[in-house]
Amino acid sequence: MSQDAFAEAPMLFDTDEAPVTPLPSGRLPSYIKDHRKRLRERFMSGGAAAMPDYELLELVLFRSIPRQDVKPLARRLLEAFGDFSRVLTAPVERLQDIKGVGESVITDLKILEACAHRMARARVMQRQVISSWDALLDYCHTTMAHREIEQFRVFYLDRKNVLIADEEQAKGTVDHVPVYPREVAKRALELNASALILVHNHPSGDPTPSQSDIDMTNRIRDACVALGLTLHDHLIIGKSTELSFRSEGYL
């Protein structure tokens with residue numbers, strides 16, 4: 001087999017640059033000519049840190065929409081959802097409402113979102129939770145902070161507090177998620193776990209626990225005590241911060 005048998009397939013066009021269309025004044029837009037090439041070169045030479053969200057989003061859209069100026073679409077997406085992270089995590093139904101967003105754009109955004117989740121998860125799975133606490137919080141924020149409905153997860157730990165399972169238990173509404181303490185404890189026994197950490201998000205952005213959050217946590221704690229399990233914490237994930245039941249004295 002030849003050395004370049006797996007090389008990237010050639011493009012249908014010599015370039016994927018957007019056609020240069022004169023402005024009404026007759027002048028050419030300064031950013032169009034070789035715009036994609038220059039933006040890619042700047043990304044490869046300087047990285048993403050110095051690039052604003054709209055330019056990073058443009059780089060993603062280059063792959064989805066060849067030979068078209070995607071700057072206006074990048075702007076529309078950011079105006080609709082707020083920032084790069086929220087664009088990636090936006091529900092498909094809301095993305096479809098944005099002019100210019102088709103199947104290829106949605107697919108590429110959701111692939112990127114899945115990659116981000118998997119990379120964050122890899123930093124915490126099969127690792128001692130105490131020594132990777134910041135990575136655990138990053139993972140929680142990456143996967144849950146921008147959800148529009150409540151999601152409830154359980155992290156199951158072994159006797160050495162190594163994370164052995166991360167499972168979504170339930171999805172709910174904008175302000176409620178059904179949780180069954182008996183099922184949480186039963187699953188811990190099935191996994192031979194010794195401890196667990198509860199996590200859920202507040203789509204409102206405010207991580208302050210409700211009375212139902214506190215009551216549910218107490219019921220799960222009681223179920224754990226009865227079975228010799230340890231409930232380390234319950235984290236509520238807001239938009240930009242989180243609340244720890246343990247740190248706040250609820251546990």
Side-chain angles (χ1 to χ4, degrees), residues 89 91-93 113-114 116-118 120-239 241-251:
T89 58
V92 171
E93 296 76 15
E113 181 188 11
H117 290 183
R118 189 159 297 192
R121 189 173 188 268
R123 295 178 60 207
V124 298
M125 288 303 300
Q126 301 300 325
R127 302 204 179 178
Q128 216 272 352
V129 166
I130 303 304
S131 61
S132 57
W133 189 251
D134 287 344
L136 186 73
L137 293 179
D138 286 344
Y139 173 54
C140 292
H141 279 280
T142 298
T143 56
M144 303 174 74
H146 304 305
R147 298 295 177 190
E148 296 191 337
I149 60 173
E150 285 200 13
Q151 180 188 64
F152 183 80
R153 310 178 77 92
V154 181
F155 295 139
Y156 294 97
L157 316 174
D158 67 11
R159 284 183 172 80
K160 295 182 179 179
N161 286 326
V162 171
L163 182 58
I164 57 174
D166 156 33
E167 296 189 354
E168 180 183 324
Q169 297 292 313
K171 289 181 180 178
T173 64
V174 293
D175 59 2
H176 175 71
V177 61
V179 179
Y180 304 99
R182 182 181 299 178
E183 294 301 315
V184 173
K186 177 184 175 183
R187 184 59 177 151
L189 295 178
E190 291 173 350
L191 293 167
N192 197 29
S194 296
L196 44 91
I197 297 171
L198 312 177
V199 190
H200 86 279
N201 63 310
H202 276 183
S204 68
D206 180 1
T208 303
S210 66
Q211 188 58 50
S212 62
D213 291 336
I214 296 170
D215 293 342
M216 176 266 291
T217 305
N218 289 337
R219 290 197 300 272
I220 293 179
R221 180 194 59 196
D222 293 344
C224 288
V225 169
L227 295 172
L229 302 168
T230 300
L231 177 58
H232 281 314
D233 209 340
H234 181 176
L235 301 172
I236 300 180
I237 306 300
K239 291 294 187 200
T241 188
E242 72 285 334
L243 180 140
S244 159
F245 270 53
R246 179 72 63 185
S247 297
E248 296 298 319
Y250 293 106
L251 276 175

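Only heavy atoms go into these numbers, but all of them, side chains included; no hydrogens, no water, no symmetry mates.
Going from atom NE2 of His141 over to atom NZ of Lys239 covers 11.5 Å, rounded to the nearest 0.5 Å. The structure places CE of Met144 at 10.0 Å from CD1 of Ile236, a figure rounded to the nearest 0.5 Å. Rounded to the nearest 0.5 angstrom, Cys140 SG and Ile237 CD1 are separated by 4.5 Å. With values rounded to the nearest 0.5 angstrom, Leu227 atom CG is found 12.0 Å from Ser194 atom OG. Separation of atoms CG (Leu196) and CG (Leu229) is listed at 6.0 Å; rounding is to 0.5 Å.
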Residue pair Phe245, Thr217: steps toward the side chain to side chain contact (heavy atoms under 4.5 Å, CB included) verdict | CA-CA 9 Å; Phe245 270 53; Thr217 305; 3.4 Å; yes
Could you walk me through whether Asp206 and Ser204 pass the side chain to side chain donor-acceptor pair (under 3.5 Å) check?
-> CA-CA 6 Å; Asp206 180 1; Ser204 68; 5.6 Å; no
How far apart are the C-alpha atoms of Ser210 and Asp213, what are their side-chain angles, what is the distance that settles it, and do they pass the side chain to side chain donor-acceptor pair (under 3.5 Å) test?
-> CA-CA 5 Å; Ser210 66; Asp213 291 336; 3.2 Å; yes
Do Val154 and Glu167 pass the side chain to side chain contact (heavy atoms under 4.5 Å, CB included) test, and can you show the C-alpha distance, the side-chain angles, and the key distance before you say yes or no?
-> CA-CA 5 Å; Val154 181; Glu167 296 189 354; 5.5 Å; no
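Residues passing the salt bridge (Lys or Arg N to Asp or Glu O under 4.0 Å) test with Asp138, sequence neighbours excluded: Arg123. Applying the salt bridge (Lys or Arg N to Asp or Glu O under 4.0 Å) rule to Glu190 yields the partners Arg187; only residues at least two apart in sequence or on another chain are considered. Annotation: side chain to side chain contact (heavy atoms under 4.5 Å, CB included) contacts of Asn218 (sequence neighbours excluded): Ile214, Arg221. Every residue two or more places apart in sequence or in another chain that forms a salt bridge (Lys or Arg N to Asp or Glu O under 4.0 Å) with Glu113 is listed here: Lys110, Arg147. For Asp166, the salt bridge (Lys or Arg N to Asp or Glu O under 4.0 Å) criterion is met by Arg121, Arg153, not counting sequence neighbours.
Smallest separation of non-hydrogen atoms from Gly238 and Pro207: N-CB, 4.1 Å. Between His202 and Pro209, the shortest heavy-atom distance links the atoms CE1-CA, 4.3 Å. Heavy atoms only, all atoms of each residue included: Arg219 and Pro181 are closest at CB-CG, 3.8 Å. Summarising the geometry of Pro203 relative to Ile149, their closest heavy-atom pair is CG-C, 3.5 Å, with the distance given to 0.1 Å. Closest non-hydrogen pair, His117 versus Thr142, comes out as NE2-O, 3.3 Å.
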Enumerate donor-acceptor pairs with a distance under 3.5 Å from any side-chain N or O in residues 156-165 to protein atoms, sequence neighbours excluded.
| residue | atom | partner | partner atom | Å |
| --- | --- | --- | --- | --- |
| Tyr156 | OH | Gln169 | NE2 | 3.4 |
| Tyr156 | OH | Val184 | O | 3.3 |
| Asp158 | OD1 | Lys160 | N | 2.9 |
| Asp158 | OD1 | Asn161 | N | 3.2 |
| Asp158 | OD1 | Val162 | N | 2.9 |
| Asn161 | OD1 | His232 | NE2 | 2.8 |

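Looking at Asp233, its side chain never comes within 3.5 Å of a backbone N or O of Ile197 through a donor-acceptor pair. With hydrogens and angles ignored, the 3.5 Å screen pairs a side-chain donor or acceptor of Ser244 with a backbone N or O of Ser247.
Leu136 has its side chain out of reach of Val199: every pair of non-hydrogen atoms, C-beta onward, lies at least 4.5 Å apart.
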